[in-house]
Amino acid sequence: MPRSIVVRRSPIHGNGVFAAKDLPAEKYLIEYRGELMTHAKSDKLYAENAETGHTFLFILNDKYVIDGTERGNDARWINHSCEPNCQPVLVEHASNRRLDRVMIESLRPIKAGEELTYDYGITLEYRHSPRLKKLWACRCGMKNCTGTLLKPKPRKPRVKPRVKPRAKSRAK
Ligand SMILES: C[S@@+](CC[C@H](N)C(=O)[O-])C[C@H]1O[C@@H](n2cnc3c(N)ncnc32)[C@H](O)[C@@H]1O
Ligand SMILES: [Zn+2]
């Protein structure tokens, strides 16, 4: 059977993944595979990641990440786009978080030769300073490109202080 996707150099960044034939919408194209590790371990291993703007890590759930660096498959070469043609889908295991999986699914029909992309949805743990935003600059080339791979941080919910009604003065 001919392969449905191929890896080659990308105009967006480094290697990318491309449709080798016309692909239908809503089809699982590839699983994101790699070494399963805890957030704590990946934080330790890749403390400098944010400073390079490069990562092969995929957050699987609140306990684990998938590290595509060593035992990853071709899914690790899929680039980010602000107007993606694919999306990652979490396939949850009924009881074991270690057995959750991530599938990359086409969002629409994709023509042979088109690059596959999804929205990385990255937020870093610390302030997205202009320097970090530049390190994580987006080159997807789309009209609505935000210019960065980083998503705006969710604002802290602001609780309006309740105004305590002034006690009426009894003094005469
Ligand atoms: C999972 S890798 C994707 C494969 C990558 N092209 C490579 O050759 O290593 C993710 C990294 O690719 C780069 N990348 C992916 N999408 C990008 C984009 N839209 N603009 C700029 N760099 C991108 C960033 O360095 C990102 O951390
Ligand atoms: Zn972009």
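We count ligands from 1, going down the list as the structure has it; atoms in each ligand are counted the same way. Heavy-atom basis, side chains included; hydrogens, waters and symmetry copies ignored.
For K111, the side-chain contact (heavy atoms from CB on, under 4.5 Å) partners two or more places apart in sequence, or in a different chain, are D22, E114.
Under 4.0 Å from any atom of ligand 1, one finds heavy atoms of residues I12, H13, G14, N15, G53, H54, T55, F56, R76, W77, I78, N79, H80, Y120, W136, A137, C138, R139, C140, L149.
Taking a cutoff of 4.0 Å between a charged side-chain nitrogen and a carboxylate oxygen, R9 and E115 do not qualify as a salt bridge. A salt bridge does not link E70 with R76: none of the charged nitrogens is closer than 4.0 Å to a carboxylate oxygen.
Placement of V65 and I78 in two distinct hydrophobic clusters is found when ILVMFWY residues are connected by side-chain heavy-atom separations under 4.5 Å, directly or transitively.
Taking the ring axis of Y64 as reference, the NZ or CZ atom of R98 stays within 45° of it and closer than 6.0 Å to the ring centre.
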Exercise for review: Tell me, with the steps shown, if S10 and N79 meet side-chain hydrogen bond (donor to acceptor under 3.5 Å, both in side chains).
Suggested key: CA-CA 9 Å; S10 159; N79 282 317; 3.2 Å; yes
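A side chain to side chain donor-acceptor pair (under 3.5 Å) check over residues 134-151, counting only residues at least two apart or in different chains, returns the pairs D119-K151.
Proximity of C138 to I12: side-chain heavy atoms (C-beta onward) are nowhere separated by under 4.5 Å.
Between the side chains of N85 and Y118, no donor-acceptor pair of N or O atoms lies under 3.5 Å.
Listing protein N, O or S atoms at distances below 2.8 Å from the Zn ion (ligand 2), with waters left out, gives C82 SG, C138 SG, C140 SG, C145 SG.
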